[in-house]
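First listed ligand is number 1; within each ligand, the first listed atom is number 1.
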Amino acid sequence: MYAQLVKTDADKVKSLEEMDPQERRFQERIDDDQKIEPKDWMPEGYRKTLIRQISQHAHSEIVGQLPEGNWITRAPTLERKAILLAKVQDEAGHGLYLYCAAETLGVSRDALIEQLHSGKAKYSSIFNYPTLTWADIGAIGWLVDGAAIMNQVPLQRCSYGPYSRAMIRICKEESFHQRQGYDIMMKLCQGSAAQKAMAQDALDRWWWPSLMMFGPPDADSVHSAQSMAWKIKQNTNDELRQKFVDQTAPQAAFIGLAIPDPDLKWNEEKGGHDFGEIDWTEFHEVLKGNGPCNAERMEARVKAWEDGAWVRDGLSAYADKAAARVAAE
Ligand code: 3HC
């Protein structure tokens, strides 16, 4: 399955014969679809790539609240405000589940936050784009959460127990996120010409960055081969991207929006859509920190962390006192 992935990484994936007995027993558990739990033996590489992926996933959830939070006070109706509030709160919860899952691998929350704030850790490129109109909130729910669902559903079967269980909980909430976004886009398309134009403008700006959420092309994916051998990842980046395009194209047509890709067309032989070339230069520029909102997003996160220091200090002082009282009893 992953043989077609980047050759260097596929070479790095050891065969059973090349493994020492402990690694071989571990891989046999993975191949047998057993869940790996925090106290189980695991290769250091397995632990490290899980910390990398789970923490970056958590960072994405937390940073992902910023573009949408920008519209909570400007939602067009009380109902839309309540829905958006609920969604943004859900994302905070998703981030906390995932930080907790990462901490089971022996890394502290403070270390993970420091990696985010120092730029050592990534978060999803998609959250470095601005939300310019209310239609962007629809496009984010429909496309960004739609892409996240496509990518997260397989992660429910991840070999690492805490990550798999966190994903099962998160996926239940994601479907509401996607539906409310699509509902916003549908209502705009059923509205005035100006409202439909706003929805089309949002689709034009969010379509290609949403395809980038699935990661670089398989040939450039440095982690896929090993992550699939360890059943962290069940599908390649391109497979999930294709599924997303095939699912979303008819949804756009149904509400009368045009996907901004002249090369998008159904290919009967392939049983899927052909689509245009993604601008990977833009992707890598955003990953390097040169996206439209990278600096703004990090400033907001660092400020929130610093503003919240007094709460953390108060809680830990209380916890220390409570622990001392219990110890003295
Ligand atoms: N944004 C930022 N970095 C990205 C990226 C993206 N869209 N796609 C890939 N990368 C990074 C990878 O992290 C890796 O860098 P690293 O070695 O420094 O970690 C590098 O690019 C090479 O990519 P690979 O394909 O080799 O890396 P992975 O095998 O990790 O695949 C992934 C990338 C598909 C994003 C995978 O990490 C994954 O499935 N992560 C979990 C899901 C996730 O994080 N989704 C992000 C959105 S969460 C969200 O949208 C919340 C929703 O509720 C709104």
Side-chain angles (χ1 to χ4, degrees), residues 2 5-6 8-10 12 48-69 87-95 97-98 101-102 115-116 119-129 137 139-156 158 160 163-164 166-167 169-178 180-181 206 208-230 232-241 244 278 280 282-289 291 294 297:
Y2 43 81
L5 293 175
V6 60
T8 44
D9 196 70
K12 272 195 314 206
K48 275 170 85 176
T49 206
L50 279 170
I51 290 175
R52 173 191 65 82
Q53 176 165 329
I54 299 172
S55 62
Q56 292 182 164
H57 195 163
H59 297 330
S60 302
E61 301 279 2
I62 298 299
V63 175
Q65 297 175 82
L66 295 170
E68 292 179 303
K87 178 179 189 303
V88 172
Q89 280 172 323
D90 281 351
E91 309 298 10
H94 297 176
Y97 303 150
L98 290 166
Q115 288 164 15
L116 172 66
K120 280 190 223 114
K122 295 182 168 75
Y123 56 91
S124 189
S125 48
I126 191 73
F127 297 121
N128 288 306
Y129 292 83
I137 301 308
I140 288 177
W142 174 35
L143 300 175
V144 174
D145 287 79
I149 291 170
M150 197 59 80
N151 160 282
Q152 292 175 158
V153 163
L155 286 170
Q156 295 177 110
C158 169
Y160 187 58
Y163 195 21
S164 157
M167 288 306 357
R169 170 74 190 266
I170 287 172
C171 285
K172 288 187 184 0
E173 292 172 342
E174 290 294 3
S175 31
F176 143 66
H177 297 175
Q178 196 266 2
Q180 64 82 37
W206 288 91
W208 293 104
S210 298
L211 297 194
M212 295 173 198
M213 284 177 69
F214 292 95
D218 291 348
D220 299 333
S221 172
V222 293
H223 298 294
S224 282
Q226 184 62 72
S227 289
M228 290 181 74
W230 280 331
I232 295 170
K233 245 177 170 175
Q234 315 292 329
N235 309 83
T236 73
N237 299 353
D238 287 335
E239 280 170 7
L240 293 179
R241 195 179 351 259
F244 174 73
I278 293 170
W280 294 112
E282 176 182 331
F283 172 74
H284 290 295
E285 279 305 305
V286 174
L287 260 58
K288 276 194 282 191
N294 294 59
R297 299 290 183 240

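Side-chain atoms of Q53 and Y163, non-hydrogen and from C-beta on, do get closer than 4.5 Å to each other. Annotation: side chain of I126 is in contact with side chain of W206 (closest heavy-atom distance under 4.5 Å). With a 4.5 Å cut-off on side-chain heavy atoms, H57 and Q152 count as touching. With a 4.5 Å cut-off on side-chain heavy atoms, L98 and E61 count as touching. Within the 4.5 Å cutoff, no side-chain heavy atoms of L155 are placed close to those of I170.
For atom 5 (C) of ligand 1, the nearest protein heavy atom lies under 4.0 Å away. Protein heavy atoms all stay at least 4.0 Å away from atom 20 (C) of ligand 1.
No side-chain donor-acceptor contact under 3.5 Å links R297 to the backbone of V63. Judged by distance alone, the side chain of Q156 and the main-chain N or O of V153 form a donor-acceptor pair under 3.5 Å. A donor-acceptor pair is defined here as one N or O able to donate and one able to accept, closer than 3.5 Å; no such pair exists between the side chain of D238 and the backbone of P217. At distances below 3.5 Å, at least one donor-acceptor pair connects side-chain atoms of Q56 with backbone N or O atoms of K122.
Of all the heavy atoms of D220, none lies under 4.0 Å from any atom of ligand 1, so neither backbone nor side chain is involved. Residue-level proximity to ligand 1 for F283 is carried by the side chain, the only part with a heavy atom below 4.0 angstrom. With a heavy-atom cut-off of 4.0 Å, I170 does not touch ligand 1 at all. At a heavy-atom distance under 4.0 Å, no atom of V286 approaches ligand 1. The proximity of I126 to ligand 1, defined as any non-hydrogen pair under 4.0 Å, does not occur for either the backbone or the side chain.
Atom 12 (C) of ligand 1 has R52 NH1, 4.2 Å as its closest protein atom, hydrogens excluded (heavy atom only). Nearest protein neighbour of atom 15 (O) of ligand 1, counting heavy atoms only, is K122 NZ, 3.4 Å.
Checked against a 3.5 angstrom limit, the closest N/O atoms of M212 and ligand 1 fall inside it. For ligand 1, the polar-atom distance check against N151 finds a nitrogen or oxygen pair separated by under 3.5 Å. In terms of polar-atom proximity, defined here as any N/O pair under 3.5 Å, S221 does make such a contact with ligand 1. For ligand 1, the polar-atom distance check against E91 finds a nitrogen or oxygen pair separated by under 3.5 Å. An N or O contact shorter than 3.5 Å is missing between H177 and ligand 1 by distance. Polar contact check, N237 against ligand 1: a nitrogen or oxygen pair lies under 3.5 Å apart.
Nearest to atom 22 (C) of ligand 1 by heavy atom, out of I149, N235, V222, is V222. Scanning H57, M228, Q56, E61 for the heavy atom closest to atom 41 (C) of ligand 1 points to H57. Evaluated by nearest non-hydrogen atom to atom 23 (O) of ligand 1, the leading choice among G291, P216, A225, S125 is P216.
Side-chain N/O atoms of H177 and E174 include a donor and acceptor closer than 3.5 Å.
Close contacts between ligand 1 and G215 involve ligand atoms 8 (N), 9 (C) [criterion: under 4.0 Å to a heavy atom]. The ligand atoms of ligand 1 that sit less than 4.0 angstrom from a heavy atom of E174 are 52 (C), 53 (O). Heavy-atom contacts of A148 reach the following atoms of ligand 1: 49 (C), 50 (O), 52 (C) (cutoff under 4.0 Å). Here is the list of ligand 1 atoms found below 4.0 Å of a heavy atom in Y163: 41 (C). Taking every heavy atom of F214 and a limit of under 4.0 angstrom, the matching atoms of ligand 1 come to 34 (C). Distances below 4.0 Å separate heavy atoms of M213 from the following atoms of ligand 1: 7 (N), 47 (C), 50 (O). The contact set between ligand 1 and K233, taken as ligand atoms under 4.0 Å from a residue heavy atom, comprises 25 (O), 28 (P), 29 (O), 31 (O). Distances below 4.0 Å separate heavy atoms of Y123 from the following atoms of ligand 1: 1 (N), 2 (C).
The distance from the OG1 atom of T49 to the CH2 atom of W230 is 7.0 Å, given to the nearest 0.5 Å. In this structure, CE on M167 lies 15.0 Å from OH on Y160, to the nearest 0.5 angstrom.
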